[in-house]
Number of protein chains: 2
Amino acid sequence: MPLDQLPRHHGGADALARLLGQALLAGEWQPGEAFPRELDLCQHFDVSRNQVRNALASLTATGLIERTAGRGTRVCPISDWHLLDPLMSDWLAGLNNPDPQLVREIFAFRYSAEPVVAGLAASAAEPRDIAEIDRAFQGMRITANAGQTEQHVEHDLAFHEAIYRASHNLVWRQMGHLLRPSIVALIQRSQHSVATLDDSLRRHGRVLEAIRTGRPMAAEQAARDVLKRTAIDLGIVAEAIDA
Amino acid sequence: MPLDQLPRHHGGADALARLLGQALLAGEWQPGEAFPRELDLCQHFDVSRNQVRNALASLTATGLIERTAGRGTRVCPISDWHLLDPLMSDWLAGLNNPDPQLVREIFAFRYSAEPVVAGLAASAAEPRDIAEIDRAFQGMRITANAGQTEQHVEHDLAFHEAIYRASHNLVWRQMGHLLRPSIVALIQRSQHSVATLDDSLRRHGRVLEAIRTGRPMAAEQAARDVLKRTAIDLGIVAEAIDA
DNA sequence: CTTGCCAAAATGTCAGACATTTAATAGGCT
DNA sequence: AGCCTATTAAATGTCTGACATTTTGGCAAG
């Protein structure tokens, strides 16, 4: 609501869309509330109406706002947000402190979906896919120490995304986008001790092994185990539920 | 590629985006191929450059095309398409003869995902959700004869969408959009005899019952059975694999 | 109290000129 | 001949101002 509290921006319409989108994702406006008018945005950010309109078009496309001629611009309820839009995932991943509720929802999705995806991957993966997963895994191993969390996270991401790709299904592959916000939230919340990193690595390894040997059931279970570890690190569940 | 073969359109930029989007989905252009220039589109459809640019912006947002200044507009490969974008689902559902490959991919996704969703629904559904599913089911029952396929399909859609909603997960709910193209393709391909309709109805009923009584495992299995029936009707697998 | 009309305010649209980026091309130098 | 560079052409991107359309609310007449 307080437009004045938003920072100035640098860059084109995409940067503006990102700024406004992230403000909306952070809950700066309540659903149903009115969004600032075009001309106010022009004035505040000192950009042309063109750029504002382009940015607002992106926000409309992601279901964050709804615009009608004469009425104005209103903020949509969370249930209307297109969480699967890659743009949205990108904005979410760049958010400093995403809504915990949202993080939990996305994680709950992963917890139910990723075992299935791993199972499909175990059935459908070709040597090239396995090589890609393996490369990401080796990357995780090498960077599994305190000073390289940045690179470790990238390899972690690549690992999971490669599994989605290995499912060889167009729809599942699209969902790989959701991984980035989920995993980025992970590092922002958890302090990876050496012990948990080692444990996490071992569990990832079991997923890789199950996919490599083509055992869907084992892959499902292994993926579930990885996510149990992740749930603990995210602070979603208390420690020590599983073995 | 042959721009001249596209029909004239009536309506605004949204209608134009729909027209072009469906042409792309129908495979009128090969991936990597060049897309007509803005001014050519303006001339051919006799609309302003604004409308063309808005339409092309939608196509860009759905990952169908990629635009770069100076270079032009090129068609993206299928793997880049945002199949989960509601706009895309809408266009797909309105397509007369969608790419069989695409239909199969979407169905394969549903076959792996929907049992999980039904299981979640069995765990999380509240009375209101169950009432909604039940209402859709009764609608299917009433319209289960030859002359009312139109309404029957709508109730069928409502049934499955209600289950996605009953999962009470923001991400899964978004995926309900994919149902429409999938189910619309179903009626275009299969001639519902009275016997298959009755069978399909019985299987849907078992899903409802499992969700109502809160049995996730049973719901998973029942959902799988519904989709096996659907696979036969879609011509994806031969008859009579299951009981 | 209701109805109808008008005015204000917001988004949507148009037209034209201009800016920027990219690719191809022609030309000159070694 | 071959390579490097400057120029040109062609496409998308941007800006600006005016105008159109839709919605809402208020005001006045019935």
Side-chain angles (χ1 to χ4, degrees), chain A residues 1-4 8-21 23-24 29-76 80 87, chain B residues 1-4 8-21 23-24 29-76 80 87:
Chain A
M1 203 268 243
L3 176 58
D4 304 327
R8 288 276 149 52
H9 84 304
H10 44 81
D14 290 346
L16 182 55
R18 183 189 186 82
L19 183 71
L20 295 174
L24 284 162
W29 285 274
Q30 293 303 313
E33 197 176 346
F35 198 75
R37 299 166 308 187
E38 290 183 355
L39 294 178
D40 289 339
L41 291 169
C42 291
Q43 188 168 11
H44 180 72
F45 293 107
D46 192 37
V47 296
S48 70
R49 193 154 89 107
N50 236 332
Q51 294 207 34
V52 168
R53 281 186 63 76
N54 286 338
L56 293 180
S58 287
L59 298 183
T60 305
T62 52
L64 285 170
I65 60 175
E66 182 190 21
R67 319 189 70 203
T68 46
R71 196 153 178 260
T73 303
R74 335 205 106 206
V75 178
C76 291
D80 288 353
L87 254 186
Chain B
M1 202 279 219
L3 177 58
D4 304 326
R8 287 277 149 53
H9 83 304
H10 44 82
D14 291 346
L16 181 55
R18 183 189 185 82
L19 183 70
L20 294 174
L24 283 162
W29 285 274
Q30 294 303 314
E33 195 176 348
F35 198 75
R37 300 166 308 185
E38 291 182 353
L39 294 178
D40 289 340
L41 292 169
C42 291
Q43 187 168 11
H44 181 71
F45 293 107
D46 192 36
V47 296
S48 70
R49 198 174 154 218
N50 232 329
Q51 294 208 33
V52 168
R53 282 186 64 76
N54 285 339
L56 293 181
S58 287
L59 298 183
T60 305
T62 51
L64 285 171
I65 60 175
E66 183 189 22
R67 318 190 69 201
T68 46
R71 199 153 176 264
T73 303
R74 337 205 104 207
V75 179
C76 291
D80 288 352
L87 255 186

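Hydrogens, waters and symmetry mates are skipped; everything else that's a heavy atom, side chains included, is used. Below, chains carry the letters A, B, ... as their sequence lines are ordered, and counting in each starts from 1. Predicted model only: the values in this text are computed from it and were never measured.
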Atom-to-atom span, [atom1] of [X] to [atom2] of [N] - whole angstrom:
| X | N | atom1 | atom2 | answer |
| --- | --- | --- | --- | --- |
| A:R37 | C:dA8 | CZ | P | 15 Å |
| B:E38 | C:dG16 | CD | P | 16 Å |
| A:N50 | C:dG12 | CG | C1' | 13 Å |

Spacing of [atom1] belonging to [X] relative to [atom2] belonging to [Y], to within rounding of 0.5 Å:
| X | Y | atom1 | atom2 | value |
| --- | --- | --- | --- | --- |
| A:R71 | A:T73 | CZ | OG1 | 10.5 Å |
| A:S48 | A:R53 | OG | CZ | 11.0 Å |
| A:L24 | A:Q30 | CG | CD | 11.0 Å |
| B:R37 | B:H44 | CZ | NE2 | 14.0 Å |
| A:F45 | A:L19 | CZ | CG | 5.0 Å |

* Member of B:L41, B:D40, B:L39 meeting the side chain to side chain contact (heavy atoms under 4.5 Å, CB included) criterion with B:V52 ->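 Among the candidates, only B:L41 passes.
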* 5' to 3' contact window, DNA chain D with chain B (heavy-atom distance under 4.0 Å) ->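 Nucleotide range in contact with chain B: D:dA11 to D:dT14.
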* To do: Locate the shortest heavy-atom distance separating B:C42 from B:R49; write the atom from each residue and the value.
  =>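 The answer is SG-CA, 3.4 Å.
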Donor-acceptor contacts under 3.5 Å from residues 55-65 of chain A side chains, at least two apart:
{"unit_1": "A:T60", "atom_1": "OG1", "unit_2": "A:L56", "atom_2": "O", "d": "2.8"}
{"unit_1": "A:T62", "atom_1": "OG1", "unit_2": "A:S58", "atom_2": "O", "d": "3.2"}
{"unit_1": "A:T62", "atom_1": "OG1", "unit_2": "A:L59", "atom_2": "O", "d": "3.0"}

* Let me know, please, whether A:R53 or B:R49 comes out on the 5' side of the other along DNA chain C by nearest nucleotide. =>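 Per heavy-atom nearest nucleotide, the more 5' residue is A:R53.
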* Contact list for DNA chain C against residues 55-69 of chain A - heavy-atom distance below 4.0 Å ->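 Here the set is A:R67, A:T68, A:A69.
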* Assign each of A:G70 and A:G12 to its nearest nucleotide of DNA chain D by heavy atoms, then name whichever residue's nucleotide is nearer the 5' end. =>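 Between the two, 5'-proximity favours A:G12.
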